[in-house]
Peer 1: 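Have a look at this one.
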Amino acid sequence: MTENTTSNPSDFIRDIIDDDLKTNKNDGKVATRFPPEPNGYIHIGHAKSVCLNFGIARQYQGTCNLRLDDTDPAGESMEYVESIINDIRWLGFDWEDRLFYASDYFEKLYQFAVELIKSGNAYVCSLSPDEIREYRGTFTEPGKESPYRNRSVEENLDLFQRMRAGEFADGAHVLRARIDMASPNIVMRDPIIYRIKREPHYRTGNKWVIYPMYDFAHCLSDALEGIVYSICTLEFENNRPLYDWIVEKLITGLRPRQIEFARLNLSYTVLSKRRLIELVEKKYVHGWDDPRMPTVSGMRRRGYTPEAIKNFCAQIGVAKNDNLIDVALLEYCVREDLNENAPRAMCVLRPLRVIIDNYPENQVEYFECANHPQKPDMGMREVPFSRELYIERDDFMEAPPKKYHRLGPGREVRLRNAYVIKFESMVKDAKTGEVTELHCTYDPQTRNAPPADGRKVPGVIHWVSAQHCAPAEIRLYDRLFGIEDPGSEEDFLHYLNPHSLETLTTCYAEQSLKNAKPGSQFQFERLGYFCTDARDSTAEKPVFNRVVPLRDSWAKIAGNDKK
RNA sequence: UGGGGAAUCGUUCAAUGGUAGGACAACGGACUCUGACUCCGUUUAUAUAGGUUCGAAUCCUGUUUCCCCAGCCA
């Protein structure tokens, strides 16, 4: 595992870079960029791209720019820009002074467009949107040339200037690249490169009423920034000829190269921006940072760590195969990191009162408990013990099966870090028959020691002292969807997991958890990893999010027995 | 249907003409004051049919399957 973090990753993109370096193709320059559109929060799929682009820059001592690709004012906002900046920083990447906005290039891009018109490579088309679609043809039939395709350079220049000046309504004209209406690649059939859109831009306000299209803006932004490797996802493969066409027409010297890789798909969730927005807007989740969301802000609030996310991105690799990564791998990475770094504590989720009949009424003892069983340097804490305790309801069974080694009639169990107790009797609710209270006795010899007579007590359960513990709220999160690949379903909302959030309001946390720092993670022993909710947790009532449960081999045994 | 991509254990990534390997998952077992962690072990793969070659996951030919493209989104 240590080898993993020290050795450099390798993939087909890094192979290309290695080759370029070997042949000195770009004077040894390595420059990448991460170019999100600020119209939503970034998610684990973006994190893959962030790790790739920034990771390459780091590995080759190159640079990686952060560029907001904000060429369509609809839906873009500063709130999204801020969230993106915040999220990438949190992941641990730095673009130094290279924060750019495509909108900062609007004037330059306009001049590039003028240049394209002058060289006869672009024209103003006045077909309606419907007509443009019709003229485009289909997969099997070539398109038809627009009647406006042969306008003079002067007319095109005049029209384009007037488009900019705001003389025309939205949709009245567009600027198109003059390529080939018969191209088998539909992208190349005179693609639109500028459209009129009377929509205020979150950065340029009302300065512009024409906006460049992605295909035009992106490649030129790359070129302007001196990007060498323009890494994007597979669905842009069809656009690469256009990328190259534009760059070839307008850029001399070093030209950026587009390389495509397969975007991440994660099981039991969706990663398309459209669907994520829908979940937020229709309130199926409580915002972009809902801990069930695969967004970076959601995972942060859930308690995932940057290290876990980055390690996950390293594990999944980079290739061109469509993929659906098992979310279990992400959870593995989270556990791996938290097992190493999260201090342990005890917390009872579904309490059952236990009275130790032979323990003195007003006595309190403090047990020194290790914050981490394998890491003494993480220190100790004192945990109070008294006559009345709470244990987990699951840790008692009235009629336990043989393999169950917790508490039951006639059985003994070890209280974690404390005494061995023995079941004596139970109290039931007269009406419901539910067990409401247990009476036990403790063996005073078993403090920090095995039973004196050598008998074995296989079970160990967690507990809290009733008079010392802190009432807490705990939110148990489960996968957002009930099926592996909801993203492939048109009506994906039908597959939402109705139990993706379970809120427990009568939990009891050990005393030390009262001062838990917001956003900090713990392992609640025998249960899982939990994170103090950064938003809702208070000193009076701490709120914990379950990051991920511990692996539970008992659940498997119990589950098999039922079958 | 035209064009562009991709096919290797259940999932994913490697193997760049020379022993098909890793991780996750699954399944056994050991250990254990967390049924955690850790450790040990096991199962399972080159889409398909031909060809070239001493030797093919890799090269060639055909076939099949999957993904992307007909936004004035990115």
Side-chain angles (χ1 to χ4, degrees), chain A residues 1 4 9-11 15 35-37 39 69-72 74-75 125 127-129 132-134 136-143 170-176 183-189 191-197 210-211 213-215 217-218 232-241 260 262 267 273-274 315-326 328-333 335-336 339-340 344 346 370 372-374 403-406 413-418 420 446 448-450 457-462 484 523-528 549-558:
Chain A
M1 204 39 75
N4 237 335
S10 165
D11 53 64
D15 289 347
E37 185 188 13
N39 66 348
D69 202 359
D70 52 359
T71 57
D72 179 4
C125 179
L127 253 21
S128 72
I132 287 185
R133 194 183 330 115
E134 257 181 68
R136 189 149 36 215
T138 67
F139 289 146
T140 48
E141 302 154 30
D170 288 13
H173 309 282
V174 290
L175 185 70
R176 302 176 71 172
S183 171
N185 182 355
I186 291 180
V187 171
M188 298 298 273
R189 319 239 261 230
I192 294 168
I193 57 177
Y194 262 93
R195 76 286 213 181
I196 303 172
K197 204 163 195 170
I210 57 172
Y211 293 97
M213 297 287 289
Y214 165 85
D215 285 309
H218 197 92
C232 64
T233 46
L234 248 30
E235 65 270 27
F236 291 101
E237 272 179 322
N238 296 317
N239 301 52
R240 186 173 358 115
E260 311 85 7
S267 63
K273 212 177 264 187
R274 197 208 96 215
Q315 299 287 321
I316 59 178
V318 178
K320 296 191 75 158
N321 303 329
D322 288 324
N323 60 75
L324 180 61
I325 306 283
D326 191 342
L329 179 62
L330 214 207
E331 293 172 342
Y332 167 84
C333 291
R335 288 193 190 101
E336 185 186 41
N339 176 50
E340 191 76 8
R344 316 282 123 133
M346 291 193 286
H372 194 293
Q374 282 89 29
K403 286 179 192 164
Y404 181 90
H405 36 248
R406 281 114 92 163
V413 76
R414 159 78 65 181
L415 293 177
R416 174 75 167 151
N417 295 311
V420 170
T446 56
N448 289 323
V457 180
V460 180
I461 65 173
H462 59 280
E484 260 204 308
Q523 185 197 98
F524 290 171
E525 287 191 288
R526 302 208 313 125
L527 297 175
L550 249 31
R551 282 180 52 182
D552 184 1
S553 54
W554 166 248
K556 278 174 197 166
I557 298 166

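Lettering of chains follows the sequences in order, A, B, ..., and the numbering in each one begins at 1.
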Peer 1: Closest to the A:T138 side chain: B:U12, B:A70, B:C33?
Peer 2: B:A70

Peer 1: Would you classify A:S553 as touching base, sugar-phosphate or nothing, given that sugar-phosphate means primed atoms plus P, OP1 and OP2, and contacts are heavy atoms under 4.0 Å?
Peer 2: sugar-phosphate

Peer 1: Select from A:G459 and A:S10 the residue whose nearest nucleotide in RNA chain B is closer to the 5' end of that strand.
Peer 2: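 Looking at the nearest nucleotide for each, A:S10 comes out on the 5' side.
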
Peer 1: Tell me whether A:R189 contacts the main-chain N or O of A:S183 through its side chain, where contact means a donor paired with an acceptor under 3.5 Å.
Peer 2: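 Side chain of A:R189 to backbone of A:S183, a donor-acceptor pair under 3.5 Å: yes, one is there.
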
Peer 1: Look at the side chain of A:N238 against the base of B:G3 and say whether a donor-acceptor pair falls under 3.5 Å; ignore hydrogens and angles.
Peer 2: yes

Peer 1: Taking all non-hydrogen atoms of both residues into account, name the closest pair between A:Y194 and A:M213 and its distance.
Peer 2: N-CG, 4.1 Å

Peer 1: Rounded to the nearest 0.5 Å, how far does CD of A:E260 lie from CZ of A:R240?
Peer 2: 4.0 Å

Peer 1: A:N321 has an atom CG; how far is it from atom C1' of B:A57, in whole Å?
Peer 2: 13 Å

Peer 1: So which atom in A:I325 and which in A:L329 form the shortest heavy-atom distance, rounded to 0.1 Å?
Peer 2: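 Heavy-atom minimum between the residues: CG2-CD2, 4.1 Å.
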
Peer 1: Identify whether any heavy atom of A:Q523 sits under 4.0 Å from a base atom; if not, whether one sits that close to sugar-phosphate; answer base, sugar-phosphate or nothing.
Peer 2: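 Base, at least one base heavy atom under 4.0 Å.
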
Peer 1: I need the CG-C1' distance between A:D322 and B:C68, as an integer number of Å.
Peer 2: 8 Å

Peer 1: Round to a whole Å and report the spacing from CD of A:E37 to C1' of B:G71.
Peer 2: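 So the CD-C1' distance, A:E37 to B:G71, works out to 13 Å.
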
Peer 1: In this structure, how many angstroms lie between the P atom of B:U11 and the CG atom of A:N323, rounded?
Peer 2: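 Checked: the CG to P distance equals 12 Å.
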
Peer 1: How many Å lie between CG on A:D69 and P on B:C73, as a whole number?
Peer 2: 13 Å

Peer 1: Between B:C33, B:A23, B:C37, spot the one nearest the side chain of A:R551, thanks.
Peer 2: B:C37

Peer 1: Taking any strand in view, what nucleotide pairs with B:G2 in a Watson-Crick or G-U wobble way, both distances under 3.5 Å?
Peer 2: B:C69

Peer 1: Please tell me which of the listed nucleotides, B:G35, B:C73, B:A36, lies nearest to the side chain of A:M213?
Peer 2: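 In terms of side-chain proximity for A:M213, the closest of B:G35, B:C73, B:A36 is B:C73.
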
Peer 1: Under a 3.5 Å limit for both distances, which nucleotide forms a Watson-Crick or G-U wobble pair with B:U32, could you say?
Peer 2: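 The base-pairing partner of B:U32, which may sit in any strand shown, does not exist here.
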
Peer 1: Verify the stacking flag for A:Y332 against B:C24: centroid separation must be under 5.5 angstrom and the ring planes must differ by under 30 degrees.
Peer 2: no

Peer 1: Just the rounded figure in Å: distance from P of B:C73 to CD1 of A:I196.
Peer 2: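 Spelled out: CD1 on A:I196 to P on B:C73 is 12 Å.
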
Peer 1: Can you check whether any acceptor in the base of B:U38 is under 3.5 Å from a donor in the side chain of A:Q374, or vice versa?
Peer 2: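 In this structure, the two groups form no donor-acceptor pair.
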
Peer 1: Measuring from the side chain of A:R344 (C-beta onward, heavy atoms only), which nucleotide among B:A70, B:G3, B:U34 has the closest atom?
Peer 2: B:U34

Peer 1: Have a look at A:H405 and say if it touches a base, only the backbone sugar-phosphate, or nothing, with a 4.0 Å heavy-atom cut-off.
Peer 2: base

Peer 1: Rounded to whole Å, how long is the line connecting atom NE2 of A:H218 with atom C1' of B:C73?
Peer 2: 14 Å

Peer 1: Can you identify which nucleotide, out of B:U1, B:G5, B:C13, has its nearest atom closest to the A:L234 side chain?
Peer 2: B:G5

Peer 1: What one-letter contact string describes nucleotides 40-45 of chain B from 5' to 3', where B marks a base within less than 4.0 Å of any protein heavy atom, S marks contact via sugar-phosphate atoms alone, and - marks no contact?
Peer 2: ------

Peer 1: Under the rule syn = chi within 90° of 0, otherwise anti, which is B:G17?
Peer 2: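 With its glycosidic angle more than 90° from zero, B:G17 counts as anti.
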
Peer 1: For the pair A:R335 (side chain) and A:G528 (backbone), establish whether a donor and an acceptor sit closer than 3.5 Å, ignoring hydrogens and angles.
Peer 2: no

Peer 1: From B:G35, B:A74, B:G3, pick the nucleotide closest to the side chain of A:N185?
Peer 2: B:G3

Peer 1: A:S267 side chain N/O closer than 4.0 Å to the phosphate oxygens (OP1, OP2) of B:U11?
Peer 2: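 No, A:S267 has no side-chain N/O under 4.0 Å of OP1/OP2 on B:U11.
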
Peer 1: Does the A:R344 side chain pair with the main chain of A:E525, one donor and one acceptor, at a distance under 3.5 Å?
Peer 2: no

Peer 1: Return the nearest nucleotide to the side chain of A:I186; candidates are B:C13, B:C72, B:C69.
Peer 2: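 It is B:C69.
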
Peer 1: Answer with base, sugar-phosphate or nothing: what part of the nucleic acid does A:R414 contact at a heavy-atom distance below 4.0 Å?
Peer 2: base

Peer 1: Side chain of A:R526: nearest nucleotide among B:A70, B:A74, B:G35?
Peer 2: B:G35

Peer 1: Would you mind telling me which residue lines up with the more 5' stretch of RNA chain B, A:L550 or A:V174, judged by nearest nucleotide?
Peer 2: A:L550

Peer 1: Ignoring hydrogens and geometry, is there a side-chain-to-backbone donor-acceptor pair from A:D326 to A:A328 under 3.5 Å?
Peer 2: yes

Peer 1: For the pair made of CE in A:M188 and P in B:C68, what is the distance, rounded to whole Å?
Peer 2: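 In whole Å, B:C68 P lies 22 Å from A:M188 CE.
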
Peer 1: So if I take every side-chain heavy atom of A:A319 and compare against B:A14, B:C72, B:U34, which nucleotide ends up nearest?
Peer 2: B:A14

Peer 1: Any base atoms under 4.0 Å from A:L324, or only sugar-phosphate, or nothing? Heavy atoms, all strands.
Peer 2: sugar-phosphate

Peer 1: Could you tell me whether the side chain of A:R240 has a donor or acceptor atom within less than 3.5 Å of a complementary atom in the base of B:G4?
Peer 2: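 Checked by distance alone, the answer is no.
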
Peer 1: Look through every strand shown and name the nucleotide pairing with B:G17 as Watson-Crick or G-U wobble, where both distances are under 3.5 Å.
Peer 2: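 Base-paired to nothing in any strand shown.
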
Peer 1: Using the side-chain hydrogen bond (donor to acceptor under 3.5 Å, both in side chains) rule, pick out the option among A:D170, A:D72, A:T71 that qualifies with A:K197.
Peer 2: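 Result: among A:D170, A:D72, A:T71, A:D72 is the only option passing the side-chain hydrogen bond (donor to acceptor under 3.5 Å, both in side chains) with A:K197.
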
Peer 1: With both distances under 3.5 angstrom, what nucleotide forms a Watson-Crick or G-U wobble pair with B:C24?
Peer 2: B:G10

Peer 1: With sugar-phosphate meaning primed atoms plus P, OP1 and OP2, does A:R416 contact a base, only sugar-phosphate, or nothing at under 4.0 Å between heavy atoms?
Peer 2: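 Base contact.
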
Peer 1: Reckon A:R133 has a side-chain N or O less than 4.0 Å from the OP1 or OP2 of B:G71?
Peer 2: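 Result: yes.
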
Peer 1: Compare the aromatic ring of A:W554 with the six-membered base ring of B:G35 and state whether they stack according to the 5.5 Å and 30° rule.
Peer 2: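 A stacking contact exists, since A:W554 sits close and nearly parallel to the base ring of B:G35.
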
Peer 1: Checking all strands, does A:I325 fall into the base, sugar-phosphate, or nothing category for heavy-atom contacts under 4.0 angstrom?
Peer 2: sugar-phosphate

Peer 1: Which pair of heavy atoms, one from A:R414 and one from A:N448, lies closest together, and at what distance?
Peer 2: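 Closest pair (atom of A:R414, atom of A:N448, distance): NH1-N, 4.5 Å.
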
Peer 1: Determine whether a donor-acceptor pair (N or O, by modelled atom type, separation under 3.5 Å) exists between the side chain of A:D215 and the backbone of A:I193.
Peer 2: no

Peer 1: For B:C73, take OP1 and OP2 only and decide whether either is under 4.0 Å from a side-chain N or O of A:R195.
Peer 2: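 Yes, within the criterion.
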
Peer 1: Using purine N1 to pyrimidine N3 plus N6-O4 or O6-N4 for Watson-Crick, or N1-O2 and O6-N3 for G-U wobble, both under 3.5 Å, which nucleotide pairs with B:A47?
Peer 2: B:U63

Peer 1: Between B:A26, B:G35, B:A74, which one does the side chain of A:T71 approach most closely?
Peer 2: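 That would be B:A74.
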
